[in-house]
Amino acid sequence: MSRVRLVITAGIAATLVGLFIGFSPIHHSGDDTCGSAFVPDDWFQCPDQQSSQRLLAFVFLIPGGVLLVSGLLSRGKKGD
């Protein structure tokens, strides 16, 4: 596997993990949920949990996006 393909694959994987974390429901008390980090519910019951989960999602999304873009940009270079 070439380095470019490895960088693109790592970027896709990190982006998917970030999206999974961001769209996973946040459990409140019992069966109630607070929506997710990217799609809060109407009540906005637990902003602390949503902001911490959003931050964790961005920890994966930002480097994943950077890896994906850098891999796609270096794909066109010759000699690789």
Side-chain angles (χ1 to χ4, degrees):
M1 182 178 259
S2 70
R3 285 186 214 162
V4 174
R5 186 171 288 201
L6 184 65
V7 168
I8 292 172
T9 304
I12 290 171
T15 303
L16 288 176
V17 168
L19 288 174
F20 179 76
I21 291 170
F23 285 113
S24 294
I26 301 171
H27 298 287
H28 189 48
S29 57
D31 294 334
D32 298 333
T33 61
C34 297
S36 68
F38 294 148
V39 185
D41 65 347
D42 295 335
W43 296 90
F44 202 66
Q45 299 171 352
C46 39
D48 294 336
Q49 291 90 347
Q50 287 172 333
S51 65
S52 66
Q53 189 168 353
R54 188 178 307 120
L55 180 65
L56 180 63
F58 284 141
V59 165
F60 287 97
L61 280 173
I62 292 171
V66 169
L67 284 172
L68 188 59
V69 168
S70 66
L72 290 174
L73 289 177
S74 65
R75 184 180 234 181
K77 293 182 180 178
K78 291 190 177 207
D80 196 27

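All residue numbers in this chain count up from 1 along the given sequence. Keep in mind that the numbers below use all heavy atoms, side chains included, and drop hydrogens, waters and symmetry copies. Note that this is a predicted model, so its numbers are computed, not measured.
- Cluster membership for Leu19 and Ile62, using ILVMFWY side-chain heavy atoms within less than 4.5 angstrom, is shared.
- Among all heavy-atom pairs drawn from Ser24 and Ser36, the shortest one is O-CB, 3.2 Å.
- Grouping the Ile, Leu, Val, Met, Phe, Trp and Tyr side chains by contacts below 4.5 angstrom, directly or via other members, places Phe58 with Phe23.
- In terms of heavy-atom proximity, Ala14 sits nearest to Gly64 at CB-CA, 3.7 Å.
- No continuous path of ILVMFWY side-chain contacts below 4.5 Å connects Ile26 to Val59, so the two sit in separate hydrophobic clusters.
- Under a 3.5 Å cut-off, the side chain of Gln53 and the backbone N or O of Ile21 do form a donor-acceptor pair.
- Ile12 and Leu72 fall within the same hydrophobic cluster, where Ile, Leu, Val, Met, Phe, Trp and Tyr residues are linked whenever their side-chain heavy atoms come under 4.5 Å apart, directly or through other members.
- In the hydrophobic cluster analysis, where Ile, Leu, Val, Met, Phe, Trp and Tyr join through side-chain heavy atoms closer than 4.5 angstrom, Leu16 is grouped together with Leu68.
- Atoms CD1 and CG, from Ile8 and Leu67 in turn, are 10.0 Å apart once rounded to the nearest 0.5 Å.
- Shown here for Ser70 and Val7, the closest heavy-atom pair between the two residues is OG-CG1, 3.9 Å.
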